[in-house]
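Down below is the structure, laid out as structure tokens.
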Amino acid sequence: MITASLEARTPAVATPALPDWRELWRQSITDPQELLRRLDLEHLADRLPASDAGFPLRVPPGYLARIRPADPTDPLLLQVLPQLAELDETEGYRLDPVGDMPALASHGVLHKYQGRALLIASGSCAIHCRYCFRRHFPYAEETAAAGQWQEAVDYLRGDQSISELLLSGGDPLSLSNAKLAQLTPQLAGLPHLKRLRIHTRLPAVLPERVDAGLLEWLEALPLQKVVVLHVNHPREISPEVDAACARLRAVGVTLLNQAVLLRGVNDDADILAELSETLMACGVLPYYLHQLDQVRGAAHFEVDDARALALIEALRGRLPGYLVPRLVREVAGDPAKRPLN
Ligand SMILES: *Cc1c(COP(=O)(O)O)cnc(C)c1O
Ligand code: SF4
């Protein structure tokens, strides 16, 4: 079988001996009390919500190590710690804020925009971001990989206008290399496809995922490859993350970043400027800065539009144009992400 031989071949790119990412994944913290204990924040235990609102805590060990202990306002901690405010019902905040369910074109395929189709490749993530717009998405039923990709690939074959395939999720790199490799012969049967784009938070939160098998799969794909990272704060970028970016670039991947504008995390011109500079130092260009999707349980992260625009203006005043991300909002039914300015 193709997948087995791909896994077994010698890697084309030299990679240092990395710890097994699946083992690190298993070591993730899932108990909020334990997270607080590990960060010397036990006194906050009575501020935890009684329920996780169906979206459990998950933090891999490498990300935990980047959170500053004893600081309840740490911007990395705020992205993962369940808060009482999540249980508030805020007007306008919905279960499916961006209209994913009506846009499902086939099993696990979202086709909203001209030329681009998105596969919900996997329902798993190595980290659970409290502001996630898909925190209520019915992943168990709607992932493309669940059916060996076949139904999704049939859909792509039937529409010649699709030149770019996006893998999203969940996190598509939560799939094994063997599972991803099943896509190779399937994609080869789609002559109208030019690019594969992978939207993933894994290289930033569990950089060990960028292992020899993944690099080999990417390098061998006869398509242009784009990886869109998701980093919200410069402190998320450790030397290990930088090294993972270098490995991806070495196999010809174009690296972009999307961030979400989050109150208390990165709603600050200095932080956003530093984020752009740090990304650039890793060979990653800022792509989008997203206004928060209004998903139920995330209202406490909202930054209003006037402030968001002022932040972008401030960035424009001090960074080269290519390091200023495009400030956008996803509006259900629109033909593309909507620019705010
Ligand atoms: C955001 C998104 C895309 C990608 O949009 P770009 O502007 O090309 O980055 C494609 N498909 C779906 C369903 C999306 O939500
Ligand atoms: S990694 Fe992405 S999909 Fe997963 S919880 Fe975070 S924002 Fe959502």
- With no hydrogens and no angle check, is any side-chain donor or acceptor of Asp74 less than 3.5 Å from a backbone partner on Arg68? yes

- Residue list, salt bridge (charged side-chain N to carboxylate O under 4.0 Å, His left out) with Asp159, at least two apart or on another chain: none

- CD1-CG distance between Ile120 and Leu167, expressed to the nearest 0.5 angstrom: 10.5 Å

- Is the side chain of Thr90 donor-acceptor paired with the backbone N or O of Tyr93 at a distance under 3.5 Å, no angle test? no

- Item | pair Thr254-Leu285: side-chain heavy atoms closer than 4.5 Å | no

- Query: Under 3.5 Å, is there a donor-acceptor pair between the side chain of Gln182 and the main chain of Ala178?
  - Reply: no

- side chain to side chain contact (heavy atoms under 4.5 Å, CB included) partner of Asn232, chosen from Val260, Leu275, Leu289: Val260

- Under 3.5 Å, is there a donor-acceptor pair between the side chain of His230 and the main chain of Ala204? no

- Side-chain donor-acceptor pair under 3.5 Å between Glu236 and Gln79, yes or no? yes

- Message: With rounding to the nearest 0.5 angstrom, report the CG to CD distance, Leu95 to Gln294.
- Response: 13.0 Å

- Query: For Leu292, does its backbone N or O pair with a side-chain atom of His290 as donor and acceptor, under 3.5 Å?
  - Reply: no

- Between the side chain of Gln291 and the main-chain N/O of Val303, is any donor-acceptor distance below 3.5 Å? yes

- Could you give me the CA-CA distance, side-chain angles and deciding distance for Gln150 and Gln186, then say whether side-chain hydrogen bond (donor to acceptor under 3.5 Å, both in side chains) is met? CA-CA 8 Å; Gln150 195 55 54; Gln186 303 269 21; 3.2 Å; yes

- Query: Measuring from Asp52:CG to Arg135:CZ, what's the distance to the nearest 0.5 Å?
  - Reply: 8.5 Å

- So Cys282 and Ile237, side chain to side chain contact (heavy atoms under 4.5 Å, CB included) or not? Walk me through it. CA-CA 9 Å; Cys282 301; Ile237 301 173; 3.7 Å; yes

- Check step by step if side-chain hydrogen bond (donor to acceptor under 3.5 Å, both in side chains) holds for Ser122 and Ser174. CA-CA 7 Å; Ser122 156; Ser174 66; 2.7 Å; yes

- Is it true that Arg247 and Asp211 make a salt bridge, defined as a side-chain N closer than 4.0 Å to a carboxylate O? no

- Note on the structure: Output for pair (Leu175 CG, Thr143 OG1), nearest 0.5 Å, gives 8.0 Å

- Message: I'd like to know if the side chain of Asp334 and the backbone of Lys337 have a donor-acceptor N/O pair within less than 3.5 Å.
- Response: no

- Item | Check against side-chain hydrogen bond (donor to acceptor under 3.5 Å, both in side chains), His233 and Glu274 | CA-CA 8 Å; His233 192 282; Glu274 190 187 336; over 6 Å; no

- Judged by modelled atom types alone, do Arg130 and His128 share a side-chain donor-acceptor pair under 3.5 Å? no

- Is the side chain of Arg316 donor-acceptor paired with the backbone N or O of Val324 at a distance under 3.5 Å, no angle test? no

- Tell me yes or no: between the side chains of Gln224 and Glu164, is some donor less than 3.5 Å from an acceptor? no

- Message: For Lys225, is there an ion pair with Glu219 - N to carboxylate O distance below 4.0 angstrom?
- Response: no

- Proximity of Tyr155 and His111 rings by center, below 6.0 Å: yes

- Query: Are Arg296 and Glu86 close enough, and set up right, to give a side chain to side chain contact (heavy atoms under 4.5 Å, CB included), and what steps lead you there?
  - Reply: CA-CA 8 Å; Arg296 189 179 296 166; Glu86 289 182 27; over 6 Å; no

- Query: How long is the span from the CG atom in Leu180 to the CG atom in Leu173, to the nearest 0.5 Å?
  - Reply: 6.5 Å

- Task: Name all residues meeting the salt bridge (charged side-chain N to carboxylate O under 4.0 Å, His left out) criterion together with Arg66; count only those two or more places apart in sequence or in a different chain, and write none if there are none.
- Result: none

- Query: Does CZ belonging to Arg38 count more than 12 external heavy atoms closer than 6.0 Å?
  - Reply: no

- Message: If we ignore hydrogens and angles and just use 3.5 Å, is the side chain of Glu302 paired with the main-chain N or O of Ala299 as donor and acceptor?
- Response: no

- Query: Which is it for Leu35 and Leu77 under the side chain to side chain contact (heavy atoms under 4.5 Å, CB included) test, yes or no, and what are the steps along the way?
  - Reply: CA-CA 9 Å; Leu35 179 68; Leu77 176 67; 3.9 Å; yes

- Would you say Asp171's side chain and Arg201's backbone share a donor-acceptor pair under 3.5 angstrom? yes

